[in-house]
Amino acid sequence: MKLLVCGGAGFIGSNFVRQRVQENGDDVVVLDKLTYAGRRENLEDLGDAVTLVRGAIEDPVKAREAIGDGVDAIVNFAAETHVDRSISGPDAFVETNVRGSLVLLEAAREREVPRYVQISTDEVYGSIEEGSFTEESPIVPSSPYSASKAGGDLLVQSYFHTYGLETVIARGSNNYGPYQYPEKLIPLMMLSALHDDNLLVYGDGLNVRNWLFVEDFGRGISHILAHGAPGEVYNVGGPTESTNLDVVNGILEHTGKDESLIKFIEDRKGHDRRYSLGSEKVKALGWSAQVGFEEGLERTLSWYRDNPSWWHPIVDSADFREYYERHYKRPLTWREAASR
Ligand code: NAD
Ligand code: DAU
């Protein structure tokens, strides 16, 4: 296929592009603004199979340029994605996640793109104490991030109903794996442990997340791209539900570090207690998760251990340091990284 992958230089997008190039032989155009979270290096190994267009999805000229003579499908990963950043500064989230989705949808309609896949999140359903969300669960987002993702999803549905654009929405649970920007729980805790620094856990650490290895999400998205019914939503949930404390203890065990590194800090505002995503609908398309949490955690840790040249420039960057110090109200003291 010829694919336009928006946000393809980020964590999940770049893993998806790698899978499509290596396993399907696709020709991929990536449209990416290269924000702090997007990196050219994430696609470096893929050579000529990938063309990177630097630009924002909310820029209609760039969107048309990226579609070029036409593509078989648009897969939209582009988003502001970190819940904590959305709490301290929600504007960019509305601009990219809502307005950006609208501009892309309009470009897809204008250019008669045959298929549009929106990458969304379980967070649009809000928090659930018991049981699991289905695709019919009400949309009750809690944070500016999840509200902006819900806004994007509703626009996608409107383009299906109003214009007959062939849309599908893939809602994933918490992803982890190689190339994840170290502001998110798993890579941040891994790098903190490797630097013998505190693992900073919000609240009581008993919030539950439904962990999905990034390659499994990619395979789910490919199933939905190929077989999803137009206008439908598909949940793609991970095989494991864990409290944050269990995840952090697992990381300490895998790194051989002591529990005393755990430090409980002030809770996230509006912190969703539990996510749990039922994935029967995508399983009926032939998908199932292949990577268990223990294996995924080990593979992720090995990747961060083996690729300091990927994360050193990030943790040494002004953006990361300023964000870390502002958000955690403490200096980042990873001397080893700082000295590179
Ligand atoms: P990420 O933050 O690692 O990557 C986002 C990418 O989008 C970056 O390359 C960034 O440069 C690009 N981008 C941001 N604003 C842009 C804009 N205006 N125009 C073009 N490009 C822009 O995010 P991720 O974790 O890879 O998430 C990708 C998608 O998957 C998002 O839509 C997110 O909501 C969704 N999602 C993420 C998770 C998760 O656990 N990380 C789970 C479910 C769904
Ligand atoms: O559920 C899917 C969502 O997962 C995606 O839509 C988001 O883009 C993605 O960022 C992620 O959101 P979360 O808020 O669940 O992920 P995060 O890694 O930020 O946090 C996971 C849990 O760990 C959450 O309960 C908050 C907690 N946490 C996080 C950080 C960064 C800590 O206790 N300490 C931390 O330092």
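For ligands, and for the atoms within them, numbers begin at 1 and follow the listed sequence. Here the structure is a predicted model, which means the values were calculated and not measured.
Counting heavy atoms closer than 4.0 Å to ligand 1, residue R39 contributes nothing at all. Only the side chain of Y145 comes within 4.0 Å of ligand 1, judged by heavy-atom distances. Of all the heavy atoms of D122, none lies under 4.0 Å from any atom of ligand 1, so neither backbone nor side chain is involved. Of the heavy atoms in S120, only backbone atoms (N, CA, C, O) come closer than 4.0 Å to ligand 1. With a heavy-atom cut-off of 4.0 Å, V83 touches ligand 2 through its side chain alone. Contacts between E183 and ligand 2 below 4.0 angstrom, taking non-hydrogen atoms only, involve the backbone exclusively. Contact annotation for K184 and ligand 2: heavy atoms of both the backbone and the side chain come within less than 4.0 Å of the ligand. Residue-level proximity to ligand 2 for I265 is absent, since no heavy atom of it falls below 4.0 angstrom.
Shown here is R40, whose CZ atom has no more than 12 heavy atoms of other residues, nucleotides or ligands within 6.0 Å.
In this structure, R171 fails the cation-pi test against F133, since its NZ or CZ atom is not both closer than 6.0 Å to the six-membered ring centre and inside 45 degrees of the ring normal.
For ligand 2 and M189, the ligand atoms under 4.0 Å from any heavy atom of the residue are 34 (N), 35 (C), 36 (O). If you number the atoms of ligand 2 from 1 as listed, the ones under 4.0 Å from a heavy atom of V201 come out as 33 (O). The H271 neighbourhood of ligand 2 comprises atoms 24 (C), 25 (O), 26 (C), with distances under 4.0 Å to a heavy atom of that residue. The L34 neighbourhood of ligand 1 comprises atoms 11 (O), with distances under 4.0 Å to a heavy atom of that residue. Within ligand 2, the atoms closer than 4.0 Å to a non-hydrogen atom of T121 are 1 (O), 2 (C), 3 (C), 5 (C), 6 (O), numbered from 1 in the order shown. Residue-ligand proximity, L188 to ligand 2, at heavy-atom distances under 4.0 Å covers atoms 36 (O). Numbered from 1 in the order shown, with element, the atoms of ligand 1 that lie under 4.0 Å from a heavy atom of I119 read 30 (O), 32 (O), 35 (C). Every atom of ligand 2 with a heavy atom of D122 under 4.0 Å away is listed here by number and element: 1 (O), 2 (C).
Residue N24 forms a side-chain contact (heavy atoms from CB on, under 4.5 Å) with just one option from V28, D26, V21, D27, and that option is D26. Remark: of the listed residues E183, E80, E322, E183 is the sole one forming a salt bridge (charged side-chain N to carboxylate O under 4.0 Å, His left out) with R85. Each of W303, Y304, F16 was scored for a ring pair (Phe, Tyr, Trp, His ring centres under 6.0 Å) with Y179, with one residue passing: W303. The one candidate from L52, N42, V53, T51 that meets the side-chain contact (heavy atoms from CB on, under 4.5 Å) condition with V30 is L52.
A salt bridge is defined here as a Lys NZ or Arg NE, NH1 or NH2 lying under 4.0 Å from an Asp or Glu carboxylate O, and D59 with K33 fails to meet this definition. Note on D72 versus R115: no salt bridge recorded, every NZ/NE/NH1/NH2 to OD/OE distance being 4.0 Å or above.
Side-chain atoms of T96 and E58, non-hydrogen and from C-beta on, do get closer than 4.5 Å to each other. Contact check for C6 versus L4: side-chain heavy atoms found under the 4.5 Å cut-off. With contacts defined as side-chain heavy-atom distances shorter than 4.5 Å, the pair W334/L194 does not qualify.
If you check each of Y328, Y324, Y202 against atom 29 (C) of ligand 2, the one with the closest non-hydrogen atom is Y202. Among H82, R171, E183, K33, the residue whose heavy atom lies closest to atom 20 (C) of ligand 1 is K33. The closest non-hydrogen atom to atom 32 (O) of ligand 1, taken over E95, R40, K149, R85, comes from K149. For atom 2 (O) of ligand 1, the choice among N175, L277, T81, N174 with the nearest heavy atom turns out to be T81. Of the candidates A78, G7, G238, A79, it is A79 that places a heavy atom closest to atom 14 (C) of ligand 1. Of all the listed residues (T121, I12, V53), I12 holds the heavy atom that lies closest to atom 38 (C) of ligand 1. The nearest non-hydrogen atom to atom 15 (O) of ligand 2, considering only R209, R171, H82, comes from R209. Compare Y36, F16, Y275, F77 by their heavy atoms: the one nearest to atom 29 (C) of ligand 1 is in F77.
Remark: minimum distance from atom 8 (O) of ligand 2 to any protein heavy atom is reached at T81 O, 2.9 Å. Protein heavy atom closest to atom 34 (N) of ligand 2, with residue, atom name and distance, is L200 O, 2.9 Å. The protein heavy atom nearest to atom 12 (O) of ligand 2 is E123 OE2, 2.8 Å. Shortest contact from atom 19 (O) of ligand 2 to any protein heavy atom: R268 NH2, 2.9 Å. Ranking protein heavy atoms by distance to atom 16 (O) of ligand 2, first place goes to N174 ND2, 3.4 Å. Closest to atom 5 (C) of ligand 2, if we only count protein heavy atoms, is Y145 OH, 3.5 Å. The single protein non-hydrogen atom nearest to atom 27 (C) of ligand 2 is N244 ND2, 3.4 Å, given as residue, atom name and distance. Counting only heavy atoms of the protein, atom 21 (C) of ligand 2 lies nearest to L185 CB, 3.8 Å.
No side-chain N or O of E241 forms a donor-acceptor pair with one of N210 less than 3.5 Å apart.
In this structure, the side chain of R54 does not engage the main chain of L31 through any donor-acceptor pair within 3.5 Å. Put simply, the side chain of R299 never gets that close to the backbone of P178: no donor and acceptor are under 3.5 Å apart. Looking at R111, its side chain does come within 3.5 Å of a backbone N or O of G68 through a donor-acceptor pair. Under the 3.5 Å distance criterion, the side-chain polar atoms of N174 are left unmatched by any main-chain donor or acceptor of W211.
Of the polar atoms of T96, at least one N or O is found under 3.5 Å from an N or O of ligand 1, judged by distance alone. At least one N or O atom of G10, backbone or side chain, sits closer than 3.5 Å to an N or O atom of ligand 1. Close N/O approach between E58 and ligand 1 is found [any backbone or side-chain N/O within under 3.5 Å]. No N or O atom of L31 sits closer than 3.5 Å to an N or O atom of ligand 1. Residue-to-ligand polar distances keep F217 apart from ligand 1: every N/O pair is separated by 3.5 Å or more. Checking only distances, E80 never comes within under 3.5 Å of ligand 1, N or O to N or O.
Put simply, part of G55 is less than 4.0 Å from ligand 1, judged by heavy atoms. Under the 4.0 angstrom criterion for non-hydrogen atoms, A92 is not in contact with ligand 1. In this structure, G100 falls outside the shell of residues with a heavy atom less than 4.0 angstrom from ligand 1.
Note on ring orientation: taking the six-membered ring where Trp is involved, the planes of Y159 and Y163 are tilted (angle from 30° to 60°).
Here D204 contributes atom CG and N244 contributes atom CG; the two are 9.0 Å apart, rounded to the nearest 0.5 Å.
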Open item on the list: Using side-chain contact (heavy atoms from CB on, under 4.5 Å), reason through L225 and L3 one step at a time and then give a plain yes or no.
Closed with: CA-CA 11 Å; L225 169 65; L3 293 180; 4.2 Å; yes
